[in-house]
Amino acid sequence: MKRGGRVFSMPGKTRAAVDAVLDDVARKANTTREKWYADRPGAIVGTTDQVAKRFADLAAGGVDHANVMLPYGHELEGIEALAPIASDR
């Protein structure tokens, strides 16, 4: 049986890039970066290497596909950060 789900992810090539997107998303939600992240414990946020580990953990748990949602206005950055992970598959 196939298992999958929706995952909100905020990947970045560097920690500074991740933090910049977090700040932008939090600002738009009228909150702080820390509160935004704390309110979304299932979000996969981090550098390419960090999110790769989280996606690998999902796969090890039996998830074989995921619909990845990226922050509005930062989709291209997210796709570029995820590209190395997708090519490792």
Side-chain angles (χ1 to χ4, degrees):
M1 174 183 254
K2 300 234 178 227
R3 291 182 56 203
R6 293 180 192 194
V7 178
F8 184 84
S9 185
M10 194 177 300
K13 292 181 180 179
T14 65
R15 187 69 228 182
V18 173
D19 289 343
V21 174
L22 269 171
D23 287 340
D24 182 55
V25 171
R27 181 186 54 76
K28 289 176 181 173
N30 199 30
T31 190
T32 65
R33 175 196 315 172
E34 294 77 15
K35 175 98 170 87
W36 185 95
Y37 192 58
D39 288 346
R40 293 158 181 83
I44 298 178
V45 178
T47 63
T48 300
D49 290 340
Q50 291 168 329
V51 299
K53 167 79 171 93
R54 294 278 308 276
F55 280 113
D57 291 346
L58 287 175
V63 173
D64 63 0
H65 68 279
N67 295 329
V68 179
M69 296 175 286
L70 300 167
Y72 179 75
H74 298 279
E75 298 90 350
L76 184 56
E77 296 164 68
I79 291 167
E80 289 172 346
L82 291 174
I85 299 168
S87 66
D88 287 345
R89 186 157 198 263

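The chain is numbered in sequence order, starting from 1.
- Expressed to the nearest 0.5 Å, how far NZ of Lys53 lies from OG1 of Thr48 amounts to 16.0 Å.
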**Request:** Take Leu58 and Val7 through the side chain to side chain contact (heavy atoms under 4.5 Å, CB included) test and state the conclusion after the steps.
**Result:** CA-CA 10 Å; Leu58 287 175; Val7 178; 4.2 Å; yes
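- Closest of all the heavy-atom pairs between Arg33 and Asp23 is NE-OD1, 2.8 Å.
- Legend: residues meeting salt bridge (charged side-chain N to carboxylate O under 4.0 Å, His left out) with Lys13, ordered by chain and number and at least two apart, are absent.
- Listed by first and then second residue, the salt bridge (Lys or Arg N to Asp or Glu O under 4.0 Å) pairs that reach into residues 38-47 are Lys35-Asp39, sequence neighbours excluded.
- Here Ile85 contributes atom CD1 and Ser9 contributes atom OG; the two are 7.5 Å apart, rounded to the nearest 0.5 Å.
- Remark: Ile44 CD1 to Met69 CE distance equals 10.0 Å, nearest 0.5 Å.
- Side-chain contact check for Met10 versus Leu22: some heavy-atom pair is nearer than 4.5 Å.
- Leu76 shares a hydrophobic cluster with no other residue; no ILVMFWY side chain has heavy atoms under 4.5 Å from its own.
- Counting all heavy atoms, side chain and backbone alike, Pro11 lies closest to Leu82 at CG-CG, 3.7 Å.
- Residues satisfying the side-chain hydrogen bond (donor to acceptor under 3.5 Å, both in side chains) test with Thr47, not counting sequence neighbours, are Gln50.
- Residues Val21 and Glu77 approach most closely at CG2-OE1, 3.7 Å, considering heavy atoms.
- In terms of the side-chain hydrogen bond (donor to acceptor under 3.5 Å, both in side chains) criterion, residue partners of Asp24 (sequence neighbours excluded) are, by chain and number, Arg27, Lys28, His74.
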**Asked** Passes side chain to side chain contact (heavy atoms under 4.5 Å, CB included), Val51 versus Val45? Steps please.
**Response** CA-CA 6 Å; Val51 299; Val45 178; 5.9 Å; no
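- Residues in residues 14-56 take part in these ring pair (Phe, Tyr, Trp, His ring centres under 6.0 Å) pairs, two or more places apart or across chains: Phe8-Trp36.
- Linking ILVMFWY residues whenever their side-chain heavy atoms come closer than 4.5 Å, directly or via other members, places Leu70 and Val63 in the same cluster.
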